[in-house]
Each structure stands twice: as C-alpha cells, then as structure tokens.
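Accompanying notes for the structure given below.
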Amino acid sequence: MVKETSGVVRNFVCKVIDFPKPLVAMVNGPAIGIATTILGLCDLVYASDKATFNTPFSKLGQHPEACSSYTFPRIMGLSKATEVLLFNKTLTAREACNVGLVTEVFPDATFKKEVWSKLIDYATLPKNCLALSKQLIRKVEKEKLHAVCEREFELLNTRAYSDDAINAVQRFFQRKSQL
C-alpha cells in the first residue's frame with residue numbers, strides 16, 4: 001500500500017513540476033505535510049494570517065517529500081529549512097513569508113477577496129507570455145527537481161517499514177489516544 005500510495009503522490013509531484021502555467025496556491029488554515037512541502041514548487045503562495053505550515057516528518061519516522069529537501073533550503077536557507085523539515089518547526093504565515101515560502105500574507109477577513117482580485121488581474125496577462133516566461137525561469141531546475149523527487153520517494157519507500165519509522169508512528173498514535 002505504501003508503494004502504491006507513494007507512486008500516486010510521486011506522479012502528482014511530477015505533474016506539478018511539469019505544470020506549464022503559473023501555479024498559485026492559497027492557504028487559509030493549517031497546511032501539514034505535503035500541503036506545505038508542495039508550496040516550494042508553486043510560483044506564488046498567498047496565505048491568510050491564520051495559516052500555519054508544518055512538516056511533522058521526523059515525528060512519524062518519515063522524510064521530506066515534494067522536492068522540499070531541495071526547494072526549502074534554496075527558498076529559506078539551510079538552517080531554517082533544517083528546523084522546519086527535521087525538527088518539525090511550525091511556521092506562522094508571517095514567518096513563512098519572512099523566509100520566502102509565502103509570497104504575501106493577507107488578513108483572514110479579506111483573504112479571498114484580495115487574492116481573487118489579484119488572480120483576476122493576472123488572468124488578463126498574455127497566457128503564452130506567462131507560460132514561456134515560467135519555462136525560462138524553471139527549465140534549468142526541472143531535471144534536478146525530478147531527480148530529487150525520485151530520491152525522496154525511494155527513501156520513503158525503503159524507510160516506511162524501518163524500526164524507527166514504525167516506532168515513531170506507534171508513539172504518535174499512542175499520544176493521540178491519550179488525549
């Protein structure tokens with residue numbers, strides 16, 4: 001089941017890497033795991049001031065995915081990426097913006113209205129120009145991103161049944177059952 005699920009997720013990540021048009025993410029609440037890591041592959045990320053970003057991989061005996069082992073250090077620097085990916089640091093929307101993961105933060109009350117206004121403006125721009133410009137910006141990175149994606153999912157597949165991964169998941173669910 002792990003291999004089957006990771007294959008679906010890997011294919012999704014590859015489709016995001018290859019997506020030809022600008023990709024904009026909107027986050028208005030907790031983004032956990034791949035909901036956070038995939039943001040490193042987006043062209044713009046808008047967040048409400050209520051959004052949070054967490055990658056609890058090591059708590060679950062798992063490893064980064066969605067190319068975050070490559071994109072996060074490039075976006076936010078090695079030490080902050082290490083804190084987020086290895087040590088489960090949860091970022092607020094403002095913190096995520098300060099380290100470059102989020103493009104802009106909006107008040108929750110006006111989040112949808114303000115972001116949709118921007119998106120409507122962006123939609124009036126020449127589509128081919130946007131696609132070709134994105135291709136220029138991302139082309140050099142695509143091959144590297146695909147290689148990183150493959151390596152991350154190989155590691156996830158080989159480590160899913162390791163003793164420390166199984167123990168971490170058991171500890172996680174034991175803590176949850178005690179709540």
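Side chains included, hydrogens not; waters and symmetry mates left out as well; all remaining heavy atoms used.
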*Can you spot which of Glu141, Arg151, Glu152 makes a side-chain contact (heavy atoms from CB on, under 4.5 Å) with Tyr70?*
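Running side-chain contact (heavy atoms from CB on, under 4.5 Å) over Glu141, Arg151, Glu152 with Tyr70 returns exactly one hit, Glu141.
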*Looking at Leu125, Ile137, Leu130, which one forms a side-chain contact (heavy atoms from CB on, under 4.5 Å) with Pro22?*
Leu130
Given 3.5 Å as the limit, does a donor-acceptor pair link the side chain of [X] with the main chain of [Y], or not?
X	Y	answer
Ser68	Pro64	no
Asp43	Leu23	yes
Asn88	Asn54	no
Ser117	Lys113	no

Contacts of type side chain to side chain contact (heavy atoms under 4.5 Å, CB included), residue [X], not counting sequence neighbours:
X	value
Pro126	Cys129
Leu132	Gln135
Gln62	Phe57, Leu60, Leu156, Ala165
Lys89	Lys80, Glu83, Val84, Leu91, Glu95

*With a 4.5 Å heavy-atom cut-off, do Lys118 and Val24 have their side chains touching?*
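Not in contact.
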*Shortest non-hydrogen contact between Ala66 and Thr37, atoms and distance*: CB-OG1, 3.4 Å
*Do Arg94 and Asp49 sit within salt-bridge range, that is, some charged N less than 4.0 Å from a carboxylate O?*
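Here Arg94 does not pair with Asp49 in a salt bridge, since their nearest N and O are not under 4.0 Å apart.
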*asked:* Less than 4.0 angstrom from a charged side-chain N to a carboxylate O is my criterion; do Arg10 and Glu150 meet it?
replied: yes
*Sorted by first residue and then second, give each salt bridge (charged side-chain N to carboxylate O under 4.0 Å, His left out) pair with at least one member in residues 50-60; sequence neighbours left out.*
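Every candidate salt bridge (charged side-chain N to carboxylate O under 4.0 Å, His left out) pair involving residues 50-60 fails, so no pair, neighbours aside, qualifies.
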*ring-ring contact (aromatic ring centres under 6.0 Å, His included): which pairs involve residues 79-132, sequence neighbours left out?*
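Qualifying pairs: Tyr46-Phe106.
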_Hydrophobic cluster membership, with links at side-chain heavy-atom distances under 4.5 Å among I/L/V/M/F/W/Y: are Leu44 and Leu39 in one?_
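Shared cluster, no.
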*From Leu101 CG over to Thr36 OG1, what is the distance, rounded to the nearest 0.5 angstrom?*
7.0 Å
*List the steps, then state whether side chain to side chain donor-acceptor pair (under 3.5 Å) holds for Asn28 with Ser48.*
CA-CA 5 Å; Asn28 66 348; Ser48 89; over 6 Å; no
